[in-house]
Amino acid sequence: MKSKKLLEITGLYKKYANKTEYTITDINMCGNEGEIVGILGHNGAGKSTTIKCITGMHPFDKGDIVINGHSILTDSIEAKKDFGYVSDEFALFEKMTGFEYVNFLADIYQVSVEEREKRIEEFQKLFALGDAIYKQISSYSHGMKQKISIMGALIHNPKVFILDEPMTGLDPHTANQLKNFFIEHSRKNNLVLFSSHNLDVVEKLCDRLYIIDQGVVLEEIDLKDFRKKGLDLEDYFLSSTNKVSK
Amino acid sequence: MGIFKTLLKYEFKKQFAIKLKKEKSDLFGSILSFVVTIAIIGMFVYFLSIIAENYVNIKIDKLFDSKSRAVELLNLFYFGIFLVLVFLCLENMRKTLTDKTDKQVLLRLPVKQQTLYLSKLLVLMIKNYILSLLFILPTNIIIYLALRPSGLFWLMTIVVCLFFPIVIQLFTSILIVPYIKILDFIKNKYVLMFIVLSVILVGFVLLYMSFLSVVQSYLETGYIKFIFNEEFIHTLKGLLTFAYPINCFSNIMFGDNLLVSFLVILVSVVLACLAVYTVTKRLYYLTLYKSEDRNNTFNKTGKIKKHSLMGGLIKKEFISVAREPKHIFSYLVVATIMPILVYCCYTLFESLIMNMIGLKITYALALFITVVFTVLTNTFCATNITREGVTLLKQKTFPVKASEILNAKLIFCSIVSLLSVLVTGVVLIIFTSLSFWQGVFCIVLGSIFTIAQILLATRVDLNNANMTYSMQQLQKKSSSTVAKVVIIGLVVAIVTGVSALLINVVAKSNLIAGVSLHISFAYLIPLFISLVYCGIVVCFYLHKLQKSFEKIAK
């Protein structure tokens, strides 16, 4: 049985107001149920811009993004209900406690009390948050902020889980928990999409991978095939991106 | 020595040079604030010189002793300066001790904590000297002009300018740790902070009002009863005898008790050095690390309550305002004490107008003051968008319309501001001679202005918000937004209030021959102006709202 497309990006162009050239050009991507998809690229390659366009944070100039059958352009509210997003910068309401923040997001997605109770308890255990969840976010460490950000993004059990550089600054234990969670979440017929410049993480976790450089998708790689062929991702990535640079 | 010099240079640049650079880029704003500052200082100096001139010529117990009066007055002025400077220095020192750059950068470098602190302390001392000079020199000039003392006065001015800042440093060093502890304690208790700030602000308002009533009594009678009162002077003399070591500075200015006074000042200087040493040696790290341990815990029960979408957004607004000391002060406290401010201004100006033109103006004056204070209270809303920073971008990913996010802000601000207007109206009805319906009319007009100001402020802020700016640039942008919103609001408020006042005066007194105006115009014209203003603002607010919200991007 063919798995359902949860994310489809077609012909995406984005130009920033203060720039003369497009930051991303003709991006085409997709993500299916049960997949973990990675976006790999150097710093400034256009990974974050692509993700910010997907989430509706940034308006774009051409193309369309469809999330679980809803276009972010024409049906943005429904499209936004279907994803949870963890940004690269901690855009958290620092005056709230972790508990209040997660509940605030649950109010936004209108999650029932029973469901949020169940999920908060589950994540509290998974991330070993303990009583820290009742403290103000402003007092949290980097790792704690990342954990609460992930909890908030998953409180409505989204079909698509989008993360921008999720492993940056995480301790090995939390990073491992997060990787396991990605696998678990994708197995429940959901899609996990994340950007990274860490080749190891991408190689170990992803089913498919998009290599982006200078705002253009250079390669779409099926990592299962890739692994079978015994290719080295680092060499492949460096040779792909070097070709463009030259 | 090399490290110390580098740190000193860094600290000096941080405290002085950056600010100078900042001002350069906003030349108009700098000139305006300079002119306003000079005008305020000039006004105070002028008024204080009048007091000084009259005070030194006063007779106590039928005796004329201008020198003793001058010492008392100088004592009083120095004591005031001392309190203000200690507070300013405490704030400067607190910022220095709790500076995040120290923890994140400087303390990781191979630098001794004492060296780091000493470099900061030296720059603080320079700041302290500049501030002291700014306060002491005008005061001494005032006293000199009133009494024309001998050359010793100027010689002693140099001594005061040299040692006064050191005494300030002594008290600052002693008070700094308890000061930080108290602030840390209050920081976690927002309700307590709200109450404390309200009480302090009401205290300042009452003090300011009593100052204005002194001005008023002087303008009316040419005599200041409150200050030129024998009983007051005796009490003052008694209290200032114990104001060590500050009274020693005023004593030496006129050569009184020179030896004892110098001795006390010298002891103070030695104590200052010891206090600074103790702080440097022992308390710096203690304070630094203690201030980091802020654990604000809320809702430990973990009880979950589901809110509607709008309810959740409004709660978020409330938390972000009610848990930030800056916002508590600039909005919640100001809105809470607005009824007191309006009432105090009303009573003051009512009697002033009565004395000036012999007419008792109630309704028009109440309306004028209410709308002006409504504009001032709602200036906070000019940061509704920018104060969110990157979290506003995050909200663009929520399955919520832009109008709903903005409506939550508008509803929250409206609740606070409309309640404030309502209480103001009730206070005016109960405590002044304003009739019930006149009070209701003030509430209605105040409410129209409130809505208009909140909408205007939010939309102007939305138009100016650009998340490509750093937080510093955003703050700078928001101050220009605040200025725009205040100027527009005040112009309309003044037009509304003055029209009501003029119509009221003309209708009551037939001041202009051949012009007869019905008193109802004093209601209809302000209502018309405020409705037109509100209508224009609503159109401005709604024009391409969604598009403007979408445009906010990094």
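For the numbers below, each heavy atom of this structure counts, side chains included, while hydrogens, waters and symmetry mates do not. To find a chain, count down the sequence lines: A is the first, B the second, and so on, and within it residues start at 1.
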More than 12 foreign heavy atoms under 6.0 Å from [atom1] of [X]: is that the case here?
{"X": "A:His173", "atom1": "NE2", "result": "no"}
{"X": "B:Phe194", "atom1": "CZ", "result": "yes"}
{"X": "A:Glu122", "atom1": "CD", "result": "yes"}
{"X": "B:Phe329", "atom1": "CZ", "result": "no"}
{"X": "B:Lys401", "atom1": "NZ", "result": "no"}

Which pair of non-hydrogen atoms, one from [X] and one from [Y], has the smallest distance, and what is that distance?
{"X": "A:Gly56", "Y": "B:Lys396", "value": "O-CE, 3.8 Å"}
{"X": "B:Thr397", "Y": "A:Tyr85", "value": "CG2-CD2, 3.7 Å"}
{"X": "B:Ile319", "Y": "A:Lys95", "value": "CG2-O, 3.8 Å"}
{"X": "A:Lys81", "Y": "B:Pro399", "value": "CG-CB, 3.5 Å"}
{"X": "B:Thr391", "Y": "A:Leu92", "value": "CG2-O, 3.2 Å"}
{"X": "B:Lys394", "Y": "A:Met57", "value": "N-CE, 4.1 Å"}

Checklist entry - For A:Lys80, which residues count as a side chain to side chain donor-acceptor pair (under 3.5 Å) partner, sequence neighbours excluded? => result none

Checklist entry - Which residues satisfy the side chain to side chain donor-acceptor pair (under 3.5 Å) test with B:Ser417, sequence neighbours excluded? => result B:Tyr331, B:Asn378

Item to check | Those residues of residues 407-416 of chain B, ordered by number, that approach chain A below 4.5 Å (heavy atom to heavy atom) | outcome: none

Checklist entry - Between OG of B:Ser320 and CD of A:Glu94, what distance do you get to the nearest 0.5 Å? => result 12.0 Å

Checklist outcome for this item: residues 305-315 of chain B vs salt bridge (charged side-chain N to carboxylate O under 4.0 Å, His left out), sequence neighbours excluded, gives none

Checklist entry - Would a 4.5 Å heavy-atom cut-off, applied to side chains only, mark A:Phe93 and B:Gln395 as touching? => result yes

Item to check | Best-contacting candidate, A:Ile108, A:Leu105, A:Thr55, A:Thr49, against chain B by heavy atom pairs under 4.5 angstrom | outcome: A:Ile108

